[in-house]
A.B. asks: 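Dropping a structure here in structure tokens format, bear with me for questions.
Within every chain, numbering begins at 1; the chains are lettered A, B, ... in the order of the sequence lines, protein sequences first and strands thereafter.
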There are 2 protein chains.
Amino acid sequence: MQFSTKAEYGLRAMVALARAYPAQKNITEISEAENISAKYLETLIGKLRKNNLVKSQKGKSGGYTLIKNPKQISAGEVIEIMEGPIVSKCDGSNCMKAKVCASSLVWNKLAFQIKKTLFAIKLSELI
Amino acid sequence: MQFSTKAEYGLRAMVALARAYPAQKNITEISEAENISAKYLETLIGKLRKNNLVKSQKGKSGGYTLIKNPKQISAGEVIEIMEGPIVSKCDGSNCMKAKVCASSLVWNKLAFQIKKTLFAIKLSELI
DNA sequence: GTGAATTCCTACCATATTACTATGCTTTCA
DNA sequence: TGAAAGCATAGTAATATGGTAGGAATTCAC
């Protein structure tokens with residue numbers, strides 16, 4: 001039940017950008033400040049850009065900026081983008097033979113609580 | 001952020017044993033009822049035995065029984081055994097260079113909520 | 001307008017994990 | 001005594017993880 005470094009790195013990069021907001025930061029600055037491989041971070045931050053959490057400026061003196069105010073971006077948004085949807089299990093196909101899918105109650109409760117927790121945390125609180 | 005089938009299968013097996021409690025069930029019975037590969041389940045249930053959640057009776061007419069009452073066993077116990085500890089991130093070694101480890105707040109809050117949720121659900125509620 | 005600094009794109013790669021399967025031994029009861 | 005159960009260990013195909021490599025495209029400072 002570990003989260004991958006993708007979620008962690010993505011979140012840390014977003015917080016770094018939140019600190020600079022509304023100014024921009026480039027990959028080198030973020031990767032050095034956060035001690036994350038620059039090349040890897042480059043591919044990760046691409047996901048955040050494609051999902052409209054950050055915008056980029058190309059070319060010399062380019063970099064990245066948050067698209068929204070840090071108050072409007074939640075940890076849940078970031079983590080879902082980096083890791084995919086939260087706890088989607090037991091759609092029925094796995095446990096059709098069991099009369100009642102006993103474990104679905106667990107996954108549903110859990111997914112609800114995780115989402116509630118993560119979407120309540122805004123980047124502005126993490127600066 | 002998916003849970004593996006190990007957690008799911010382990011939980012379903014435990015619920016199946018809870019239904020039978022205090023009688024025993026064998027691998028074939030559980031695997032057929034839950035539609036889980038018998039051989040795979042055998043290795044999974046071994047973990048539950050080594051962690052003292054179930055006891056086994058060997059030999060002909062053998063099988064497995066819960067060691068405690070279903071009211072005394074939580075989903076959290078089962079899932080931690082099957083998947084390892086819940087959300088242990090950010091021990092400091094990853095993010096020492098950042099002045100404050102911004103993401104640790106997220107993982108700590110999250111781990112707390114996940115544990116609270118999972119340890120509050122008892123097998124007796126899932127029957 | 002040239003060059004350096006930056007992002008963007010795609011492919012590759014080593015390792016670990018997952019979800020099994022296979023084989024065979026050991027134990028126990030009918 | 002033999003069949004039915006659990007126990008132990010190893011193998012394996014597919015996928016995910018956590019990167020690296022190389023270079024193309026863009027943009028700004030000069």
A.B. asks: For D/dC28, does either OP1 or OP2 sit under 4.0 Å from a side-chain N or O belonging to A/Q57?
C.D. replies: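 Yes.
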
A.B. asks: Between B/R49 and D/dG6, is there a contact of a side-chain N or O with OP1 or OP2 at under 4.0 Å?
C.D. replies: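 Looking at the OP1 and OP2 atoms of D/dG6, neither is under 4.0 Å from any side-chain N or O of B/R49.
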
A.B. asks: Between A/Y9 and D/dG18, is there a contact of a side-chain N or O with OP1 or OP2 at under 4.0 Å?
C.D. replies: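 No, outside the criterion.
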
A.B. asks: In whole Å, what is the span from the CE atom of A/M82 to the P atom of D/dG19?
C.D. replies: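 Taking CE of A/M82 and P of D/dG19, I get 12 Å after rounding.
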
A.B. asks: How many whole angstroms separate atom NZ of A/K58 from atom P of C/dT6?
C.D. replies: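 My rounded result for the distance is 16 Å.
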
A.B. asks: For A/S103 versus B/R12, what's the shortest heavy-atom pair and its separation?
C.D. replies: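 Where A/S103 meets B/R12 most closely, the heavy atoms are OG-CD, 3.7 Å.
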
A.B. asks: Nearest whole Å is fine: how far is D/dA16 P from A/Y40 OH?
C.D. replies: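 From A/Y40 OH to D/dA16 P: 13 Å.
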
A.B. asks: On DNA chain D, check which nucleotide each of B/K50 and A/S37 is closest to and give me the residue with the more 5' one.
C.D. replies: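 Whichever sits nearer the 5' end wins; that is B/K50.
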
A.B. asks: Below 4.0 angstrom from OP1 or OP2 of D/dT17, is there any side-chain N or O of A/K6?
C.D. replies: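 Result: yes.
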
A.B. asks: Does the side chain to side chain contact (heavy atoms under 4.5 Å, CB included) test come out yes or no for B/I27 and B/I45, once each step is laid out?
C.D. replies: CA-CA 9 Å; B/I27 290 283; B/I45 215 167; 3.8 Å; yes

A.B. asks: Tell me whether the OP1 or OP2 atom of D/dG18 has a side-chain N or O from A/T5 closer than 4.0 Å.
C.D. replies: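 Indeed, a polar side-chain atom of A/T5 lies that close.
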
A.B. asks: Could you tell me the separation between the CD1 atom of A/I45 and the P atom of C/dT7, rounded to a whole number of Å?
C.D. replies: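 These atoms are roughly 8 Å apart.
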
A.B. asks: What's B/G63 touching, base or sugar-phosphate or nothing? Going by heavy atoms closer than 4.0 Å.
C.D. replies: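 Here B/G63 touches the backbone only, sparing every base.
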
A.B. asks: Is it true that B/K122 and B/E77 make a salt bridge, defined as a side-chain N closer than 4.0 Å to a carboxylate O?
C.D. replies: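 Between B/E77 and B/K122 there is no salt bridge, as every charged N stays at least 4.0 Å from the carboxylate O atoms.
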
A.B. asks: Can a side chain N or O of B/S56 be found less than 4.0 Å away from OP1 or OP2 on D/dA5?
C.D. replies: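 For D/dA5, OP1/OP2 do not have a side-chain N/O of B/S56 under 4.0 Å.
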
A.B. asks: OP1 or OP2 of C/dT6 sitting under 4.0 Å from any side-chain N/O of A/Y64?
C.D. replies: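 Answer is no, no contact under 4.0 Å.
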
